Amino acid sequence: MNGTYQRLLRIATWTTTVNKLDNTVTSMERKKVDIKDATNGYHLSIHSKENHAGLCRSIFKVLDKHGEVVNNACLLQYHINSSLETKSVEFDVLPHGNRKHGDKPFYPLQKSTLNAIKTGLKEGESSAVVYNSVSRSEGGIMAVSHPGQIPRSRHQVYQCKVNLNQHDDLEELLLYVQTKEEKIVLDHQDLPEDLWILGTQQMCTDLHRFCTATQNSHPISVDPTFEFGPFEVTPFTYRHLLLKSKRSGVHPIFLGPTAIHHSKDTDTFERIVSSVTQSCPQLKTLPGFITDGETALYNAMADGFPLATGLRCFRHVHANCKKKLNEIGIKSKQDKKVFLDFVFGSKGRGGLVDCEDKEELCAMMNESKSSLDDCEGRIFGKTEGYTSKFWRYIKKKEDMFANHMISCQRRKAGMPCDETGRPNRSYTNQSESMNNKLTRQKEAVFNAAKRKTPIGKLSFVRNVWEEVITRQVDEVSRALCGRSDEYTLTDEAAYLAVTEEDFYCTWSEAGRNHYVNKFNTMTMDDVTSRKRITMQPESGPNRNYPPVNLFEPGFSDKLQNVADVSDVVANALVSEAEMLLKSPTAVSEMPTVAQNTVKKFLVASKASKQGFYTCTLYKDHVCCDCPSFKYQTVCKHSLCVAQQNGIAIEQLNFVTKRKTKKQKSKLLNPPQDAAGKKGGQHKNPWRPRQGVAETPERDGIGKPDRPFSNIHHNNIPFTVCFLSGEPKAKECKQCGVEFPRFQLIRPFDIVLAHREKWTYTTREEPNQRRISAQYTTRFYCVQASCIFQRFEYFNASLVAMDGDTKQRLSSSHKQLLKCELGLDIL
């Protein structure tokens, strides 16, 4: 008896009057008339249809005078046609839509049972325990009246547990970044793979203050780390020259912009360096940087900072020299010392790396050849005419020593000098130290052994990167008032220290923030000239604001279930909304002269160009005009206004769950043969079933016999267009993937539009599809698998675009069109 309800029985509107004392109907007219009694009068809307088997469906709604549904409820009724009441009626239960074999009926799980399974899994119970407890709570298989009252199998509970913790990492990170009031992402790219540049404005300011100063500066250090998850992390580190460590007396290491990427090739590092320089344009005059000698990273840094001197890490070069000595056959520690002292020097005697210029380096190489030949010859018992292999190895590296390690290059790169006036040696120890700090933070949060448990990008940003940044920002404030256990001000900046009494007792919170912000913008020249920080006068007495009503406990858990987001995003939304509630001037009602209109509130936001977003308050929900609410139906602004007006729970009912999980990460997977990757390979490759012959594939890419084999094939060209100019472009017609509209991601903000016919059915002939006489516009993502699968005859000559679109195309757009469709745009 299944099927669509095509036969119309009744569509009508009746007018009724209800006595609210005893809830009885006093009058009813079977037509729609004006309601005279606004208190007791209602309209009854009836919509009834019947399917081909005689099953009737009726929907009843009660409307008030304004046309609103009373109590936001309706009555749904099913009944059998009176002509079939004497006959035996059979209901056909269809199999599951994904079932490939057999016709076993599918009974969906009831909502209450599914909620009970999710509740048990969230409380930490195992899948087997949840399966047994939910089955027993319904009385077991012998007591239920419907198959959907109990789980079908343990596998269903296992799958529910997997889906419960399965969130698209990229989509969650995008939503989390939008939720944050403070900007923590300098740049985000996704071609040819996903790339994030994390950073704050204070980091860019510090890099300019401490790494580009003319008199006192220190080179930045860049070194990739690993083992955080299925991605690479490359942090930029620098030294805070206004602080010193209480334990070691040296300047502390601070975390700078951090890249999250997948490949470690030159192109990826070039994009990272380009994004950092665009966010910190003052770094164009960077005097020097330190790397471990990785070719791809050094080439990208050298191209991005053309005025900088690239230094090599002495520790890595020392390890390479020891490795070469082992390969030669010199394994004794005493024998190695002679050769290593020649390169790196010893106490009281300088080595090759301590030469002042290239001429001195060349002279020292020539002078030491005979002594190294004799020393290495004695070790191997060869004296006459023997040439040292280690000397030849160093000779090949002479240009590397001359350009990246000798004293003049270190001085040019900005390395500080010791007591003797010789520049310090360069190491990537500050990068290694920061990598270790990030790893220790990961272990502390996830209680995991070192480099054993992989985490996602969102977990890394929220629980590792942000925690390290917050700690180093707090330590700067503590060092100013002498409360830090790790750092103190340097001798040059000691005059900026304040007493604890002034910092905590005399100054207000606004005064403390003002002083710390001014300190964080002072350059090394300002400190050298002993520039003072001028305090602003304290404002008058504080106004008496009404008490703040925060969210009830467990609200974030409810939001997580309703909005289908991870706990990290839900907690961030609630936390940011509470920060707006606590700020007395963050939310204000929009003034209006009209009466009986919906209220609107202005909510302050740094992300808006106007400085605020507008929230509209309705009877049971709040709407916001920010991008997050537009595409996710949830944002911190709407939650804040809803809580302020006492409808936070009603707002949760309004938040709609996303229909499908758009796995944006699948669109941005790195290539399997990416640099630094082993390549993907199925452990158990697919094999056809026994007795089923495998369909041979067609050789070549030749056209089929008939170019137009489907109704959507025609001679109309494809048009390249931007998503911003096509409001009807929702998803790809072929693959069904939704286009990224809530944040336009370049180059995936372009699509292909094609005018084509379609097929439809009529009420008289539901089983016969007809061809439309007109054309409609379908949209497709710029992906070869979608276009060639739907249009076998497609080639680049069938693509057209207007002049405005062609001018708006960037290099990434052109590269995407060329890679996917073979379209060359000049």
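Fair warning: this is a prediction, and the values are worked out from it, not measured in the lab.
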Check your understanding: Centroid-to-centroid, His713 to Phe791, below 6.0 Å?
Key -> yes

Check your understanding: Would the Phe60 and His47 ring centres measure less than 6.0 Å apart?
Key ->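 Ring-ring flag for Phe60/His47: false, centres at least 6.0 Å apart.
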
Heavy-atom closest pair, residues [X] and [Y]:
X: Ala604; Y: Leu580; result: O-CD2, 4.0 Å
X: Thr15; Y: Val33; result: OG1-N, 3.0 Å
X: Leu175; Y: Ser628; result: CD1-OG, 3.6 Å
X: Phe551; Y: Leu639; result: CZ-O, 3.5 Å

Practice item. Using the side-chain hydrogen bond (donor to acceptor under 3.5 Å, both in side chains) rule, take Asn132 and Ser135 through it: C-alpha gap first, then chi angles, then the decisive distance, then the call. Key: CA-CA 5 Å; Asn132 294 330; Ser135 299; 5.8 Å; no

Is any side-chain heavy atom of [X] closer than 4.5 Å to a side-chain heavy atom of [Y]?
X: Tyr760; Y: Ile771; value: no
X: Leu617; Y: Ile647; value: yes
X: Leu174; Y: His188; value: yes
X: Ile35; Y: His43; value: yes
X: Trp758; Y: Arg778; value: yes
X: Cys623; Y: Tyr618; value: yes
X: Cys781; Y: Val751; value: no
X: Ile750; Y: Cys721; value: no

Review point. Could you go step by step and tell me if Ile59 and Leu75 meet the side-chain contact (heavy atoms from CB on, under 4.5 Å) rule?
Key: CA-CA 6 Å; Ile59 301 176; Leu75 173 64; over 6 Å; no

Donor-acceptor side-chain pairing of [X] and [Y] below 3.5 angstrom:
X: Ser556; Y: Asn571; result: yes
X: Glu50; Y: Asn81; result: yes
X: Glu172; Y: Ser566; result: yes
X: Ser112; Y: Asn115; result: no

Review point. Going by an N to O cut-off under 4.0 Å, is there a salt bridge joining Glu738 and Lys730?
Key: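 Not counted as a salt bridge, because no side-chain N and carboxylate O are separated by less than 4.0 Å.
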
Check your understanding: Does Glu181 come within less than 4.0 Å of Lys636, counting only side-chain N to carboxylate O?
Key ->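 The answer is yes: the pair qualifies as a salt bridge.
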
Practice item. Output, in order, the C-alpha distance, side-chain angles, deciding distance and verdict of side-chain contact (heavy atoms from CB on, under 4.5 Å) for Thr13 and Ile46. Key: CA-CA 6 Å; Thr13 301; Ile46 306 174; over 6 Å; no

Review point. To the nearest 0.5 Å, how far apart are OH in Tyr107 and CZ in Arg152?
Key: 12.0 Å

**Study point:** Approximate separation, where rounding is to 0.5 Å, of Lys733 NZ and Thr777 OG1
**Key:** 12.5 Å

Review point. Could you walk me through whether Thr759 and Arg769 pass the side-chain hydrogen bond (donor to acceptor under 3.5 Å, both in side chains) check?
Key: CA-CA 6 Å; Thr759 60; Arg769 303 195 67 85; 3.0 Å; yes

Exercise for review: Test Cys732 against Phe739 for side-chain contact (heavy atoms from CB on, under 4.5 Å), laying out the working first.
Suggested key: CA-CA 7 Å; Cys732 177; Phe739 297 130; 4.1 Å; yes

Practice item. Check each of His754, Arg790, Glu731 against Tyr780 using the side-chain hydrogen bond (donor to acceptor under 3.5 Å, both in side chains) test, and report the only one that passes. Key: Arg790

Is there a donor-acceptor pair closer than 3.5 Å between any side-chain N or O of [X] and the backbone N or O of [Y]?
X: Thr761; Y: Gln768; value: no
X: Ser137; Y: Val134; value: yes
X: His66; Y: Glu68; value: no
X: Ser638; Y: Val634; value: no

I'd like a table of donor-acceptor pairs (distance under 3.5 Å, sequence neighbours excluded) in which one partner is a side-chain atom from residues 606-614, with atom names and distances.
from: Lys606; atom 1: NZ; to: Glu182; atom 2: OE2; distance (Å): 2.6
from: Ser608; atom 1: OG; to: Gln610; atom 2: N; distance (Å): 3.3
from: Ser608; atom 1: OG; to: Phe612; atom 2: O; distance (Å): 2.9

Check your understanding: CG of Asp802: more than 12 outside heavy atoms within 6.0 angstrom?
Key -> yes

Point to revise | Heavy atoms from other residues, nucleotides or ligands near CD of Gln77 exceed 12 (cutoff 6.0 Å) | key: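 Result for CD/Gln77: enclosed.
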
Check your understanding: Cation-pi between Arg462 and Tyr176: NZ/CZ under 6.0 Å from ring centre and within 45° of the ring axis?
Key ->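 No, a cation-pi geometry is absent between Arg462 and Tyr176.
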
Review point. Regarding Arg57 and the six-membered ring of Tyr5, is the cationic atom NZ or CZ under 6.0 Å from the ring centre and inside 45° of its axis?
Key: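 Here Arg57 passes the 6.0 Å and 45° test against Tyr5.
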
Practice item. Using the side-chain contact (heavy atoms from CB on, under 4.5 Å) rule, take Tyr775 and Asn714 through it: C-alpha gap first, then chi angles, then the decisive distance, then the call. Key: CA-CA 11 Å; Tyr775 290 85; Asn714 52 51; 3.9 Å; yes

**Study point:** Parallel, tilted or perpendicular: ring planes of His155 versus Tyr158, cut at 30 and 60 degrees
**Key:**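 The arrangement is perpendicular - the two ring planes meet at more than 60°.
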
Validation: residues 138-149 side-chain donor-acceptor distances under 3.5 Å, sequence neighbours left out:
from: Ser145; atom 1: OG; to: Gln149; atom 2: NE2; distance (Å): 3.3
from: His146; atom 1: ND1; to: Gly148; atom 2: N; distance (Å): 2.8
from: Gln149; atom 1: OE1; to: Ser145; atom 2: N; distance (Å): 3.1

